[in-house]
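Working notes, structure below.
Proteins come first, then strands; the chains are lettered A, B, ... in the order of their sequence lines, and each starts at number 1.
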Amino acid sequence: MMDNGATSTKEERFLSRMALNDNKAGMEGLDRDKINKIIMESSKGSKFYENELKREQQVNRRIEKMMLQKAQITEQQLKKAQVQVEKTASVLEMSRDLSRVIVHVDMDAFYAAVEMRDCPELKDKPMAVGSMSMLSTSNYHARKYGVRAAMPGFIAKKLCPNLVIVSTNFDKYRAVSDEIREIFADYDPHFQPMSLDEAYLDFTDHLEQRQSWPESSRTHRYRSRSITELPQESALEETDLSPVLFEDSPNSSLGLLGSEGAAGDAFEVFGTSVEEAVREMRFRIEQKTRLTASAGIAPNTMLAKVCSDKNKPNGQYRLPSTREAVMDFIENLPVRKVCGIGKVSEKMLNALSISTCSHLGQQMALLSLLFSETSWHHFMEVSLGLGSTFIPRHEERKSMSTERTFRELSKAEEQFSLCRELCEDLAEDMKKEDLKAKTVTLKLKNVNFEVKTRALTLPYAVATVDEIFAVAKDLLKTEIENESPQPLRLRLMGVRVSAFVSLDDKKPLQKSIIGFLQPGKTESSGSSKDMHQNLEKENHSLQASPLVCPPLMQKYQRKEEAVKSSTKANDNKNAHASTSGCGGTSSETLTCPVCFRRVETTDLNIFNSHIDHCLNDPTRKPNQSTASDSESDLDLENDHQESEVVHRRRGECEAEGEMSKNSEELSRDSPHEGQQSLKNRDSKDVTSQQPQSCNSKGPVLICPVCQLTQETDDLTVFNHHVDLCLNQQVLHELGGQTSSSRNPPAVKNINIRGKCVYYMKLFSTFSLNTNPILCTFSLCCMTALETRCEHNVGILSPFK
DNA sequence: ATACATACC
DNA sequence: TACTGGTATGTAT
């Protein structure tokens with residue numbers, strides 16, 4: 001009886017893992033039960049099935065644990081969590097940025113569409129790209145049968161016996177991808193490709209310019225059919241493939257359309273609205289490639305991604321940039337649609353009766369108690385309809401790997417030679433990108449589909465076949481020995497390298513910080529380009545997450561970029577300052593990133609004290625100091641060093657909004673750990689925060705942003721104040737016109753903060769253990785940085 | 001740092 | 001017959 005019960009539960013739960021995923025476009029209204037039955041019948045008893053079952057049970061245990069935890073939560077805890085969550089929400093809310101226009105473009109059934117285009121026979125047949133073992137994608141016809149990506153071909157065949165399976169032609173897809181990317185670049189030169197067929201674009205700048213474009217610049221011709229390589233089918237194809245016009249287009253210029261028959265001369269004029277611009281882009285894609293794309297338009301990437309799916313295929317959807325529209329949109333959005341919430345997260349959330357984003361918002365307090373900080377922060381952003389409002393430039397790669405699946409391989413000898421082959425392939429790939437890595441990971445999957453990884457990090461970097469194989473071989477050998485006298489029965493082997501070091505020098509980091517703080521040194525120790533690269537690298541080691549960049553700092557980036565040109569214009573002056581000013585003798589001094597004065601020491605501890613002082617002393621702020629000429633030069637010089645590197649870097653990730661957010665949440669959300677230890681670590685500095693002038697009664701802290709004293713010694717409260725203050729200042733500053741000389745304080749403060757943050761960043765990189773804490777605010781920055789570095793963030797998503 | 005899990009295309 | 005491959009990141013130890 002018990003057995004029975006357990007078995008039936010097993011089966012039932014198993015379904016959720018194994019069953020058809022019909023949340024993709026083109027899969028609505030299918031006979032799920034029938035499809036699932038076929039899938040089950042095809043899978044049952046296989047090793048794969050058994051393994052999936054095992055994993056499913058693991059997830060179930062995880063859920064049970066979570067439910068147990070949930071049961072132990074008291075009303076009081078929940079209430080307290082609710083307060084925290086609401087506070088965090090209000091801070092997040094303040095950072096909402098609806099000013100950007102983000103577009104997510106996604107080709108429709110990409111590989112399948114390419115194959116259909118090139119083989120008209122396939123046009124009205126259900127087809128898929130891949131193999132009997134695995135499909136990459138299927139056309140919409142096949143989707144009606146439940147055939148979809150990531151399904152093995154042999155099961156797909158059972159669902160749809162007439163299915164035609166075409167093998168992949170990656171070179172072709174890459175070529176098409178290059179074509180569409182050319183078009184993307186016209187709308188956003190910094191667009192971010194997510195795969196061959198998908199990209200995020202920031203349309204904001206394009207739209208601004210577009211307003212003043214003449215019609216001629218917005219006019220695009222239909223593909224000239226007489227030149228088409230496939231003349232006889234092209235007429236058919238055109239009607240077939242080109243539902244270019246959409247009812248939703250606001251000012252559709254139907255009247256200008258050429259007749260269907262007339263080749264060559266037909267053209268269309270597109271308007272200046274977002275919809276028109278995106279429609280134009282999709283039109284051009286189709287004319288150029290004879291393939292269709294779908295797009296989503298929204299104020300951030302997370303939403304844009306969801307929107308692009310909404311009217312797929314060959315459609316687009318715009319989510320207006322108002323809070324109301326966003327919240328309405330989110331309301332009934334299934335959590336599974338959100339990038340970053342997959343099968344498992346969905347199941348866990350479902351167990352808590354959460355299936356839509358509005359549920360997510362309603363249950364935040366609970367979620368904050370049951371999930372990790374990163375997770376619930378992500379949930380929180382999702383529930384508020386927040387996401388990344390800028391397109392992060394592509395980060396340097398963090399790993400490279402190659403793996404192969406094969407029929408059972410049990411002989412050690414063969415395993416070693418396969419391992420070597422993999423290393424050869426990998427070394428070749430590494431060479432193409434000039435990479436050297438310190439970590440080698442071996443991946444093994446046995447015939448029961450159990451996956452194992454074994455890694456080793458070396459004190460040096462490797463790049464050649466022999467070097468990599470030497471490590472991989474050892475790892476493999478250990479595994480074989482562990483299993484002996486049984487052989488390892490493998491079905492997959494893979495080798496991955498990670499922890500890359502930059503090929504040129506890879507100097508000790510300590511040197512770089514000195515270099516950075518010694519303006520003259522840039523010139524003397526190498527070209528500024530080298531410096532740039534060094535810093536860039538260090539930067540990358542810190543760039544935890546390319547995904548979620550908070551709105552505020554994103555703004556900085558754009559701002560800094562705007563400033564960059566003017567900074568560059570000062571290059572002459574800078575060069576002058578650093579050579580004639582103090583270039584040669586600066587090896588004994590460091591430049592304070594707060595006051596920009598030289599500090600005559602090379603002792604970082606002393607220097608650190610100076611900065612402590614500076615941060616707490618308003619008169620040291622450059623905008624208030626009596627900026628003599630020489631100081632201005634220093635200032636510029638400093639900027640010169642930073643212009644290329646720091647400014648970009650700032651924008652990239654160490655977003656200030658994120659910092660305040662992180663620190664804010666960190667300090668409150670993990671009272672046991674974060675806040676407590678922070679406070680302990682900081683107690684001395686809190687005291688030092690107290691203004692010398694005001695050594696009065698109650699505890700007082702000075703806000704580094706508004707400079708006003710805050711009558712509290714509660715770091716959480718103070719922290720919150722600083723966050724609010726910062727947000728307000730930044731928003732105000734950015735909301736207003738260009739920073740006229742009328743309004744320097746805010747700007748200056750921001751800059752100071754930027755440098756301060758950067759400074760902290762360096763320090764956290766170099767693990768300077770002595771006096772790492774400069775002041776409460778810096779601590780927040782630093783903590784936030786550390787948090788970032790350790791936990792990364794995602795997404796926003798997609799990604800955040 | 002390592003291992004394993006989740007997610008995305 | 002037959003359930004991928006590549007990359008990044010989150011979670012746990």
Lys/Arg N to Asp/Glu carboxylate O, [X] vs [Y], below 4.0 Å:
X: A:Glu433; Y: A:Arg397; value: yes
X: A:Glu115; Y: A:Lys172; value: yes
X: A:Arg420; Y: A:Glu424; value: yes
X: A:Asp106; Y: A:Lys305; value: no
X: A:Lys347; Y: A:Glu56; value: yes

Under 4.0 Å between any heavy atoms, over every strand shown, what does [X] touch: base, sugar-phosphate, or nothing? Just pick one.
X: A:Arg496; result: nothing
X: A:Leu456; result: sugar-phosphate
X: A:Thr137; result: nothing
X: A:Val497; result: nothing
X: A:Met151; result: nothing
X: A:Ser372; result: sugar-phosphate
X: A:Leu135; result: nothing
X: A:Ser131; result: nothing
X: A:Ser46; result: nothing

Worksheet item: Any N or O donor-acceptor pair linking the side chain of A:Ser43 to the base of C:dC3 at under 3.5 Å?
Response: yes
Distance in angstrom units between [X] [atom1] and [N] [atom2], rounded:
X: A:Tyr111; N: C:dT4; atom1: OH; atom2: P; value: 16 Å
X: A:Lys432; N: C:dG6; atom1: NZ; atom2: C1'; value: 14 Å
X: A:Glu403; N: C:dC3; atom1: CD; atom2: P; value: 14 Å
X: A:Arg404; N: C:dT4; atom1: CZ; atom2: C1'; value: 13 Å
X: A:Met134; N: C:dT4; atom1: CE; atom2: P; value: 5 Å
X: A:Arg148; N: C:dT4; atom1: CZ; atom2: C1'; value: 15 Å
X: A:Leu196; N: C:dG6; atom1: CG; atom2: P; value: 14 Å
X: A:Arg397; N: C:dT9; atom1: CZ; atom2: C1'; value: 16 Å

Worksheet item: More 5' along DNA chain C: A:Arg491 or A:Arg62, using each one's nearest nucleotide?
Response: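 Whichever sits nearer the 5' end wins; that is A:Arg491.
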Worksheet item: On DNA chain C, nearest-nucleotide positions of A:Phe371 versus A:Ser133: which is more 5'?
Response: A:Ser133
Worksheet item: What residues in residues 443-455 of chain A put a non-hydrogen atom under 4.0 Å from any atom of DNA chain B?
Response: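 Close to the strand are A:Lys452, A:Thr453, A:Arg454, A:Ala455.
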Worksheet item: Along DNA chain B, 5' to 3', what are the outermost nucleotides having an atom less than 4.0 Å from a heavy atom of chain A?
Response: B:dA1 to B:dC9
Practice prompt. Apply side-chain hydrogen bond (donor to acceptor under 3.5 Å, both in side chains) to A:Ser131 and list each qualifying residue two or more places apart in sequence or on a separate chain.
Written response: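 Result, side-chain hydrogen bond (donor to acceptor under 3.5 Å, both in side chains) vs A:Ser131: none returned.
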Worksheet item: What class does the angle between the rings of A:His104 and A:Tyr200 fall in, given that below 30° is parallel, 30 to 60° is tilted and above 60° is perpendicular?
Response: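 Geometry flag for A:Tyr200 against A:His104: tilted rings.
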Would you say [Y] and [X] are linked by a side-chain donor-acceptor pair, where the criterion is simply a distance under 3.5 Å?
X: A:Thr457; Y: A:Thr439; value: yes
X: A:Thr389; Y: A:Asn300; value: no
X: A:Ser375; Y: A:Glu373; value: no
X: A:Arg393; Y: A:Gln192; value: no

Worksheet item: Of the candidate nucleotides C:dT4, C:dT1, C:dA8, which contains the atom at the shortest distance from the side chain of A:Arg407?
Response: C:dT1
Worksheet item: Counting side-chain heavy atoms from C-beta on, which of C:dT11, C:dT9, C:dC3 comes nearest to A:Ile155?
Response: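 Selected nucleotide (nearest to the side chain): C:dC3.
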Using a cut-off of strictly less than 4.0 Å, decide whether [X] has a side-chain nitrogen or oxygen near OP1 or OP2 of [N].
X: A:Ser136; N: C:dT4; result: no
X: A:Thr402; N: C:dG5; result: no
X: A:Thr405; N: C:dG5; result: yes

Item to complete: Pick the P atom in B:dA7 and in C:dA2, then give their distance to the nearest Å.
Response: 28 Å
